Amino acid sequence: MVICPSQNGERIEGGLLEGGITCLEVLLKQGRIMRYFLLRPETLFLLCISLALWSYFFHTDEVKTIVKSSQNAVKMMKGKVVEIIQNDRFGGLDVLEAEFSKTWEYKTNNVAVYSIQGRRDHMEDRFEALTDLVNKTHPSIFGIFDGHGGESAAEYAKLHLPEALKQHLQEYEKDKENSVFSHQTILEQQILAIDRKLLDKLSAAYDEAGTTCLVALLSDKELTVANVGDSRGVLCDKDGNAVPLSHDHKPYQLKERKRIKRAGGFISFNGSWRVQGILAMSRSLGDYPLKNLNVVISDPDILSFDLDKLQPQFMILASDGLWDAFSNEEAVRFIKERLDEPHFGAKSIVLQSFYRGCPDNITVMVVKFRNSSKTEDQ
């Protein structure tokens, strides 16, 4: 027996309705109507959207499975980064091969450097470390040079400035009691001299490259740091505090902005505040077109520190690729926890900066001091 609905909502038992229409015909007609509406593209599209929204908002088992798989993928990627950081061998990294196409590392008893090209098309960072721990003919010399507009300026400064400093410091050490010079004056004179030679060389070749210059002189009782540009140094004292060794030269700073304006220049915002809308720092070596306008200068800021007073554990010298991702305090905490690593934490913090999305070349130098409980003889 077939049960069909009547027009007034009552059930009719039997096979016929008024007018001789069978229930089967009614059902077939209703089926055709349903198929007509359900199989229309618009209806199917709305149905799919509705199911997707339902799944998303109410987290059906399928969506939960997808979410769980995504979370596992994220955890796996994080684990890979940790593996990169902890692994002392750098080979076999297919995923990041392009980003690390030019990687430099350096290690002695108390100095470690790690430097990567990162996401930039070219490697423009340079560094140098000159030590004489046996004969003590000169203080140790450490330098970071972050090039821009090409690598020629940074390469020139790296090759010539430390050697020039070494020569003049050796002469100074022979008769420093009668010398009218000091570490500060030697640093200032040699940085300005290198910039003049660099400008002559680059302007003759119409090479507009420039570079930062961060140089530290380390003797038994004194640390002297000269800075031009926005590479930066920071020291960890005996209490674990971060002590700035330099201050960035940025166009938006009041002192720099006034100087640029007096020279007839201007600063404008183009991703960051820039001199003449071009250079994101207000002091540098090289950059001869801006030097000709007197809006960019090479005068270094120089600071000296009493090591007996600070009793430092280590210092960090780095290009601005690091400081785009870390504050001074955060970098000190990070390195302090990793001084026992083969690169004194320099490699770890470079890779962590890259992992945080730094788009620049990244170079980090870590220098351990003798009074550090984890330090070997300097």
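No experiment lies behind these values; they were computed from the predicted model shown.
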Nearest 0.5 angstrom please: [X] [atom1] to [Y] [atom2], how far?
X: S179; Y: I186; atom1: OG; atom2: CD1; value: 6.5 Å
X: L169; Y: K176; atom1: CG; atom2: NZ; value: 10.5 Å
X: F142; Y: M315; atom1: CZ; atom2: CE; value: 5.0 Å

Enumerate the ring-ring contact (aromatic ring centres under 6.0 Å, His included) contacts for residues 252-290, please, sequence neighbours excluded, ordered by first and then second residue.
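Listed by first then second residue: F269-W273.
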
Basic-acidic side-chain contact under 4.0 Å: [X], [Y]:
X: E256; Y: R259; answer: yes
X: K221; Y: D306; answer: no
X: D360; Y: R120; answer: yes
X: R232; Y: D320; answer: no

Looking at side-chain heavy atoms only, is the closest gap between [X] and [Y] below 4.5 Å?
X: K250; Y: D230; value: yes
X: F145; Y: L159; value: no
X: K291; Y: S298; value: yes
X: L307; Y: P312; value: yes
X: M365; Y: Y106; value: no
X: S246; Y: L214; value: yes
X: L223; Y: L245; value: yes
X: F305; Y: L235; value: no

Using the side-chain hydrogen bond (donor to acceptor under 3.5 Å, both in side chains) rule, collect all pairs that involve residues 149-159, keeping only residues at least two apart or in two chains.
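Sorted pair list: R126-E151, R126-E155, S152-D207.
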
With sequence neighbours excluded, residues passing ring pair (Phe, Tyr, Trp, His ring centres under 6.0 Å) with Y172:
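If we apply the ring pair (Phe, Tyr, Trp, His ring centres under 6.0 Å) test to Y172, skipping adjacent residues, the hits are H183.
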
Taking the six-membered ring of F344, is NZ or CZ of K368 closer than 6.0 Å to its centre and within 45° of its axis?
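Relative to the ring axis of F344, which defines the angle, K368 lies inside both limits.
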
Can R356 be said to sit on top of F354's aromatic six-ring, NZ or CZ under 6.0 Å from centre and within 45° of the ring axis?
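No.
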
With side chain to side chain donor-acceptor pair (under 3.5 Å) as the test, would you mind laying out the steps for T224 and Q184 before giving the verdict?
CA-CA 7 Å; T224 306; Q184 291 92 330; 4.9 Å; no

All side-chain hydrogen bond (donor to acceptor under 3.5 Å, both in side chains) counterparts of [X], not counting sequence neighbours:
X: D146; answer: none
X: N270; answer: none
X: E188; answer: none

Intermediate values then yes/no, side-chain contact (heavy atoms from CB on, under 4.5 Å), H343 and S348:
CA-CA 8 Å; H343 291 81; S348 293; over 6 Å; no

Step-by-step side chain to side chain donor-acceptor pair (under 3.5 Å) determination, S115 to T363
CA-CA 4 Å; S115 179; T363 299; 2.6 Å; yes

